[in-house]
Number of protein chains: 2
Amino acid sequence: MERALQNMEHVPERQRLVRKLESITDLTEEERQALMDLPVILREFDAGHDIVRSGDHPQSCCLILTGFVCRYMLLPDGRRQIVAFHPPGDIPDLQSLHLKTMDHSVAAMARTTTAFIPHENLQRMTQRFPGLLHAFWRETLIDASVFRAWMVALGRRTAHERVAHLLCEMTLRFAAVGLAEGMTYQMPVTQNDIADALGLSNVHVNRVLQDLRRDELIVWRRNTITVLQWGALKDLAAFDPTYLHIRNLPGLLQ
Amino acid sequence: MERALQNMEHVPERQRLVRKLESITDLTEEERQALMDLPVILREFDAGHDIVRSGDHPQSCCLILTGFVCRYMLLPDGRRQIVAFHPPGDIPDLQSLHLKTMDHSVAAMARTTTAFIPHENLQRMTQRFPGLLHAFWRETLIDASVFRAWMVALGRRTAHERVAHLLCEMTLRFAAVGLAEGMTYQMPVTQNDIADALGLSNVHVNRVLQDLRRDELIVWRRNTITVLQWGALKDLAAFDPTYLHIRNLPGLLQ
DNA sequence: CGTGTTCTTGACTTGGCTCAAGATCGGTGG
DNA sequence: CCACCGATCTTGAGCCAAGTCAAGAACACG
């Protein structure tokens, strides 16, 4: 269930953290090495299981190695709002370094491998490498920037625009960590999950997706998404990638 | 229009920053002093004017000394989403330290005095006092936490719940920086602004507010808000203050 | 091949929107 | 001190985007 990572294990997966950080900031060779050498605990989670729970006081942060994860909040009567999605390379609860009580939960959307990094190891590393401290701060700031973009979607976009916007965002984020092949990527979410992320009902999400498929903007079969007409999708969403603060966007996706 | 702050000027207003940070973290005497001694540039803004604009590359952060400020984003067709409100003591664009391009704007909602703090001064101070660096990081993390709470409101709460939730939040935040007298505070926003913050129309906000007044949960005349029935408002909003990460909440407001 | 999950469809409902007009408020200048 | 004017608030009527409910189809997986 839970064990320390051995040297040379999961190297490509761990590099995704480096790649993620390098998509938003500069790292020195030393910093890259420090990240790869960070002692972590491996844990696996099945789809639908919570990785961290609202109210917890975590002692470590979880890096997603494989799989897919969401963060969500529940109202007392069970209404759910998904506030973020996280592909591999992300650390969804980085904030727990400073905010001791979790105000939301993190859940696996598919079978997920996580590397738990004890807070003390992170603290020690950021003391030694202030550059990494700033990289992590920057990462949380971009997190917040994405929240703002979602707020605009939730508050002021129509259902069609919201779905298109989410698809644009996820396309870029998967591409940024090297998990897209051209315009195709794997995102293991149900229409219900999309609904809870976009403040819609599952029925309505279904109808919107049918429209997008009918108009041949996307293909979405099982967990595989392909964007057929990036320009049209971008226009529909009024998508402006500035808020992702990704450097060196792939040319295709400008 | 714009000038350097003189010693001994605006001391109570500048202390609000200290007070704000102390509502969420511990400061040493040295850190408090460093904050008070920080060289800044004073600027005044009239209601409705932008303080920072989307697309800008600011070289300083703006501390709100007096007045009231919002952050907002616009869609190409003019739809507006307000993503945050900031009473005095807040630094709404603290993120510009790391994210060079503003992805949203900051606007004055009433005549507002700001203290612009050059990035280099902030950098120097946080190098000297790592505790302040962590305080500022923490502040941006709480910012993000508030965004998440707003996302839940925008995505999953009814109009009545949204309005009640916003009122609960603002009551606590004004109280935390000493700008509330009991359950009364001054918040210079129009019903239109509330609508743009909550993803509603101004007409509907008007009707909801009438309900809240009829049920004697609140009084709202001009810019003065008084919460008459904190318990009932809290229940209606299903308000849980955890997400504000405020230490030592006033007992009244538990 | 059976079973639970996810997707799809239709029929109906509704919360909140739009439009438009009138009332009220607060600040300004004479 | 009052008259005026633009901004804000209020009200009513009609509408529509998206929700709810419920049942059936397709799918994935053991």
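The shown structure was predicted, so the numbers you read here are calculated from the model rather than taken from an experiment. Residue numbers start from 1 in every chain, and the chains themselves are labelled A, B, ... in the order their sequence lines are given, proteins ahead of strands. Worth knowing before you read on, the calculation uses all heavy atoms, side chains too, and leaves out hydrogens, waters and symmetry mates.
The side chain to side chain contact (heavy atoms under 4.5 Å, CB included) test applied to B:Glu169 returns B:Val146, B:Trp150, B:Arg173, B:Phe239, B:Tyr243, B:Leu244, not counting sequence neighbours. Checked against salt bridge (Lys or Arg N to Asp or Glu O under 4.0 Å), A:Asp211 has the following partners two or more places apart in sequence or in another chain: A:Arg214. Annotation: side chain to side chain donor-acceptor pair (under 3.5 Å) contacts of A:Glu181 (sequence neighbours excluded): none. For the salt bridge (Lys or Arg N to Asp or Glu O under 4.0 Å) test, no residue two or more places apart in sequence or in another chain qualifies with B:Arg157.
Contact annotation for A:Gly48: no contact, since no heavy-atom pair falls under 4.0 Å across all strands. Note on A:Arg214: nothing from the nucleic acid sits closer than 4.0 angstrom, heavy atoms only. At a threshold of 4.0 angstrom between heavy atoms, the contacts of B:Arg157 with the nucleic acid are absent.
Summarising the geometry, the separation between NE2 on A:His160 and P on D:dC16 is reported as 16 Å, rounded to the nearest angstrom. Computed from coordinates, the B:Asn192 CG to D:dG6 C1' distance equals 15 Å when rounded to whole Å. Going from atom CG of A:Leu200 over to atom P of D:dA17 covers 14 Å, rounded to whole Å. Between A:Asp211 atom CG and D:dA18 atom P the separation is 11 Å, expressed in whole Å. Between B:Trp220 atom CH2 and D:dC9 atom P there is a gap of 9 Å when expressed in whole angstrom units.
No side-chain heavy atom of A:Phe116 sits under 4.5 Å from any side-chain heavy atom of A:Cys61. No side-chain heavy atom of B:Glu44 sits under 4.5 Å from any side-chain heavy atom of B:Thr66.
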- Test log, rule salt bridge (charged side-chain N to carboxylate O under 4.0 Å, His left out), inputs B:Asp143 and B:Arg71: CA-CA 12 Å; B:Asp143 213 46; B:Arg71 294 199 267 169; 2.3 Å; yes
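Not one side-chain nitrogen or oxygen of A:Arg79 sits closer than 4.0 Å to the OP1 or OP2 atom of D:dG19.
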- Note on the structure: The contact string for nucleotides 20-30 of chain D, one letter per nucleotide 5' to 3', using protein heavy atoms under 4.0 Å with B, S and - for base, sugar-phosphate only and none, comes out as BB------SS-
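A residue-by-residue look at B:Ala159 and A:Gln210 shows that A:Gln210 has its nearest nucleotide of DNA chain C further toward the 5' end.
Under a 3.5 Å cut-off, the side chain of A:Thr171 and the backbone N or O of A:Leu167 do form a donor-acceptor pair.
Here the two rings, on A:Phe68 and A:Phe174, have centers that are under 6.0 Å apart.
With a heavy-atom cut-off of 4.0 Å to chain A, the contacted part of DNA chain C has its first and last nucleotide at C:dT6 to C:dA11.
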